[in-house]
Amino acid sequence: MHPLLAPFELKHLRLRNRAVLAPMTRVSAEPEGRANDLMLSYYSAFAKGGFSLLISEGIYTDTEYSQGYFNQPGLATEAHRDSWKLTVEAVHNAGAAFIAQLMHAGGQTQGNLHHARRVAPSAVQPAGTQLSFYGGEGPYAVPAEMTEEEIQQAIAGFAQAAIHARDAGFDGVELHGANGYLLHEFMSVEFNQRSDRWGGDFKARLSLPLTVIREVRKAVGEDFVVGLRLSQAMVTNSQLKWDGGVEEAKIRLATLANAGLDYLHISEPDASAPAFGEGPSLCALAKASAAVPVIGNGGIATGEQAQGLIERGEADLVAVGKAALANHDWPLRVERGVAMTPFDFGMLAPLATITNELAWRQANDHQATLQP
């Protein structure tokens, strides 16, 4: 059996294989953040296509400052919660587990219905320009340094959104601590220049994600999956590396994993590449440092790449993003030896919406999935 197709137990979840759908922002929710029928069809296609575990796009957590993009889905309100129920049910009926990724955009906010003000650990402007395929234009705004009250609001938002995810039927939540969003910013020496209890050396800069992990776990109990996504790179800086190198990375990974997590989700441009120029990958460092399963993500397009990551002991599960977008049936294609459709950035033009993906499929006469 291909190692990717072997079953796996993630806490209480019995997964039929080790293929995971990576989270991908689709800006296709209703304007006020409710999930809709288009999203139901989109997510259920991946479950029908053989993925055992789906991780949702980043979902905003409160009606303060967490929303990052217009038409981003939320889990901040009861209406948001209820709008997800049919989509979660459809994914389950197709045989997959479903985890909600909880995200606070922080300084990388491009669009927020609730506030024009942007907040971050410190008043540091993100580099580069906003992402046009998510509806952004021009440079990022300079965010305001968060007050203690605003930090507490963000923590409470993660916890309440986790409760809403549980009550909507999701199998767990993934805290978005990657790609330059709020939790990543608090861990980052570049973006966190605070001198209070939320800033300082690399251990002190873990204070906010550790608090969020603790409060989410307290809110949902021990029987609900709680994971954390981590990366070095940010949306605004793809070359960014963690300060401190290998040894500090091991401490960071172990400290976070031991705070009450059920898995770590490691995202790098290339999941197998050395984390710091030479030596082990960040996935391998996570496997060596954390006593929880590791999901590896980044640059995985083929079954052979996924097989290598698992066989080398760098990851327990493999998350696929762009290749999955082109092949909703990616696991079935691996299983049957069917050629993959190459990813085409035209799927994201002019916006990275599900509607534009469907238009691309129609123009290219490409079906979303093989028959199970």
Side-chain angles (χ1 to χ4, degrees), residues 1-24 26 39-57 59 84 87-101 165-166 168-174 223-229 261-267 271 283 286-287 292-311 313-338 340 368-372:
M1 178 183 288
H2 193 296
L4 182 74
L5 304 176
F8 188 81
E9 291 191 11
L10 178 62
K11 201 163 190 169
H12 62 280
L13 302 178
R14 296 180 180 272
L15 305 178
R16 61 193 174 192
N17 60 42
R18 300 178 185 223
V20 178
L21 176 70
M24 291 179 282
R26 302 317 315 272
M39 295 166 64
L40 185 154
S41 298
Y42 169 78
Y43 280 113
S44 61
F46 292 107
K48 294 173 183 176
F51 285 93
S52 67
L53 176 64
L54 277 54
I55 303 175
S56 78
E57 61 206 280
I59 302 174
W84 277 103
T87 299
V88 174
E89 182 180 7
V91 168
H92 286 160
N93 287 342
F98 203 3
I99 285 178
Q101 188 190 70
R166 182 195 63 193
F170 283 99
D171 300 288
V173 293
E174 176 175 286
D223 295 332
F224 198 62
V225 172
V226 178
L228 174 69
R229 180 174 165 99
L261 295 177
D262 296 308
Y263 72 85
L264 288 175
H265 182 179
I266 304 299
S267 179
C283 284
K287 280 290 294 175
V292 296
V294 171
I295 302 174
N297 169 244
I300 304 295
T302 67
E304 289 75 21
Q305 289 172 306
Q307 177 176 346
L309 201 66
I310 294 170
E311 288 185 339
E314 296 181 67
D316 300 289
L317 302 108
V318 177
V320 184
K322 293 185 181 71
L325 200 60
N327 304 274
H328 290 192
D329 51 4
W330 188 87
L332 289 180
R333 288 174 182 260
V334 172
E335 181 180 4
R336 300 176 188 179
V338 176
M340 299 289 180
T369 58
L370 299 170
Q371 292 299 311

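Here the structure is a predicted model, which is why all the values come from computation and not from measurement. Numbers here are sequence positions counted from 1.
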With a 4.5 Å cut-off on side-chain heavy atoms, are [Y] and [X] touching?
{"X": "Asp171", "Y": "Lys11", "answer": "no"}
{"X": "Val20", "Y": "Ile99", "answer": "no"}
{"X": "Phe8", "Y": "Pro293", "answer": "yes"}
{"X": "Ile295", "Y": "Ile55", "answer": "yes"}

What is the minimum heavy-atom distance between [X] and [Y], and which atoms define it?
{"X": "Trp84", "Y": "Ala168", "result": "CB-CB, 4.2 Å"}
{"X": "Gly296", "Y": "Ala315", "result": "N-CB, 3.8 Å"}
{"X": "Ala22", "Y": "Asn297", "result": "CB-ND2, 3.7 Å"}
{"X": "Val292", "Y": "Leu264", "result": "CG2-N, 4.0 Å"}
{"X": "His92", "Y": "Phe98", "result": "NE2-N, 4.2 Å"}
{"X": "Leu54", "Y": "Ala96", "result": "CD1-CB, 3.9 Å"}

Check your understanding: Testing Arg336, Met340, Glu335 for side-chain contact (heavy atoms from CB on, under 4.5 Å) with Val338, which one passes?
Key ->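 Among the candidates, only Arg336 passes.
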With rounding to the nearest 0.5 Å, note down the distance linking [atom1] in [X] to [atom2] in [Y].
{"X": "Leu325", "Y": "Phe46", "atom1": "CG", "atom2": "CZ", "result": "6.0 Å"}
{"X": "Leu317", "Y": "Ile310", "atom1": "CG", "atom2": "CD1", "result": "7.0 Å"}
{"X": "Glu57", "Y": "Met24", "atom1": "CD", "atom2": "CE", "result": "9.5 Å"}

Can you tell me if [X] uses its side chain to pair, donor with acceptor, with the backbone of [Y] under 3.5 Å?
{"X": "Trp330", "Y": "Ala301", "value": "yes"}
{"X": "Asp262", "Y": "Gly227", "value": "no"}
{"X": "Ser52", "Y": "Asn17", "value": "yes"}
{"X": "Arg16", "Y": "Phe51", "value": "yes"}
{"X": "His265", "Y": "Glu174", "value": "no"}

Review point. Under the side-chain contact (heavy atoms from CB on, under 4.5 Å) test, which residues partner Glu311, sequence neighbours left out?
Key: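 Glu311: side-chain contact (heavy atoms from CB on, under 4.5 Å) contacts with Pro3, Gln307.
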Point to revise | Geometric class of the Tyr42/His328 ring pair [parallel <30°, tilted 30-60°, perpendicular >60°] | key: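 Rings of His328 and Tyr42: perpendicular, as their planes differ by over 60°.
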Exercise for review: Kindly indicate, with the supporting measurements, whether the criterion side-chain contact (heavy atoms from CB on, under 4.5 Å) is fulfilled by Leu40 and Glu89.
Suggested key: CA-CA 9 Å; Leu40 185 154; Glu89 182 180 7; over 6 Å; no
Point to revise | Residues in ring-ring contact (aromatic ring centres under 6.0 Å, His included) contact with Tyr263, at least two apart in sequence or another chain | key: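 Not a single residue meets the ring-ring contact (aromatic ring centres under 6.0 Å, His included) criterion with Tyr263.
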Practice item. Sequence neighbours left out, what passes salt bridge (charged side-chain N to carboxylate O under 4.0 Å, His left out) with Glu314? Give chain and number order. Key: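 With sequence neighbours excluded, Glu314 shows a salt bridge (charged side-chain N to carboxylate O under 4.0 Å, His left out) to Arg312, given in chain and number order.
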